[in-house]
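Note sheet for the following structure.
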Amino acid sequence: MVSPRAAIMLGGNNIFVSGPCYQPSDVIVCEFPGGKRSNGNYISNIRVSCTVPMVFVTGRLSFKMSVNGGTSFDFQGFVTIGKMRAIYI
């Protein structure tokens, strides 16, 4: 589960990804459209966060998440990108 589900295209918003079995030793990396990556942060065994980078597109976008430093991206989520303010659906 991803929250919040919206961010602005200028970047800087933190999104939180909830799920089971995160480990403090996990190296979290999120990859957004255009191959833009951001390092994530472990919060708890059910929650991590990533900062949305600047993206030059709007709409509902998929992103991928890795727990092994970007070797493989086994998780996928969606976030809606708006121009100047977050769009909440």
Side-chain angles (χ1 to χ4, degrees):
M1 177 173 204
V2 176
S3 67
R5 295 182 191 179
I8 60 172
M9 68 188 295
L10 296 175
N13 298 95
N14 284 326
I15 56 172
F16 301 94
V17 183
S18 299
C21 304
Y22 296 120
Q23 302 295 320
S25 59
D26 288 343
V27 179
I28 309 299
V29 176
C30 290
E31 184 174 272
F32 295 86
K36 294 186 176 199
R37 292 185 175 187
S38 69
N39 293 325
N41 295 300
Y42 170 88
I43 297 171
S44 72
N45 64 337
I46 60 168
R47 196 170 199 200
V48 296
S49 71
C50 279
T51 302
V52 178
M54 184 182 292
V55 292
F56 297 103
V57 293
T58 59
R60 187 171 188 244
L61 306 176
S62 66
F63 70 94
K64 299 182 283 186
M65 190 185 77
S66 170
V67 295
N68 58 15
T71 302
S72 64
F73 288 86
D74 298 326
F75 305 95
Q76 182 175 334
F78 294 91
V79 64
T80 300
I81 304 294
K83 287 186 180 182
M84 296 305 287
R85 62 177 188 253
I87 302 170
Y88 294 97
I89 298 174

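Excluded from the calculations below are hydrogen atoms, water molecules and symmetry mates; all remaining heavy atoms, backbone and side chain alike, are included. If you read the sequence from its start, that first residue is 1, and numbering goes on from there.
- Under the ring-ring contact (aromatic ring centres under 6.0 Å, His included) criterion, Tyr22 pairs with no residue at all, not counting sequence neighbours.
- Under the side chain to side chain contact (heavy atoms under 4.5 Å, CB included) criterion, Asn45 pairs with Tyr42, sequence neighbours left out.
- Proximity of a side-chain donor or acceptor of Ser66 to a complementary backbone N or O of Val29 within less than 3.5 Å is not detected.
- If you chain together hydrophobic residues whose side chains sit under 4.5 Å apart, Val67 and Ile43 never meet in one group.
- Distance check: Asn41 CG to Cys50 SG gives 7.5 Å after rounding to the nearest 0.5 Å.
- The CD1 atom of Ile81 sits 9.0 Å away from atom OG1 of Thr58, with the distance rounded to the nearest 0.5 Å.
- Transitive grouping of hydrophobic side chains (ILVMFWY, heavy atoms separated by less than 4.5 Å) brings Phe75 and Val2 into a common cluster.
- Here the OG-CG distance, from Ser3 to Asn14, works out to 10.5 Å after rounding to the nearest 0.5 Å.
- Between the CG atom in Leu61 and the OG1 atom in Thr80 there is a gap of 7.5 Å [rounded to 0.5 Å].
- Grouping the Ile, Leu, Val, Met, Phe, Trp and Tyr side chains by contacts below 4.5 angstrom, directly or via other members, places Val57 with Phe63.
- Met65 and Phe73 sit in two unconnected hydrophobic clusters of ILVMFWY residues. Membership requires side-chain heavy atoms under 4.5 Å apart, directly or through other members.
- Of all heavy-atom pairs spanning Lys83 and Ile8, the tightest one is O-CB, 4.4 Å.
- Note: Phe16 CZ to Ile46 CD1 = 12.5 Å, rounded to the nearest 0.5 Å.
- Residues Val55 and Phe32 share a closest heavy-atom pair of CG1-CB, 4.5 Å.
- With sequence neighbours left out, Lys64 forms a salt bridge (charged side-chain N to carboxylate O under 4.0 Å, His left out) with Glu31.
- Not a single donor-acceptor pair under 3.5 Å links the side chain of Asn13 to the backbone N or O of Ala6.
- If you take CD on Gln23 and SG on Cys21, they are separated by 7.0 Å, rounding to the nearest 0.5 Å.
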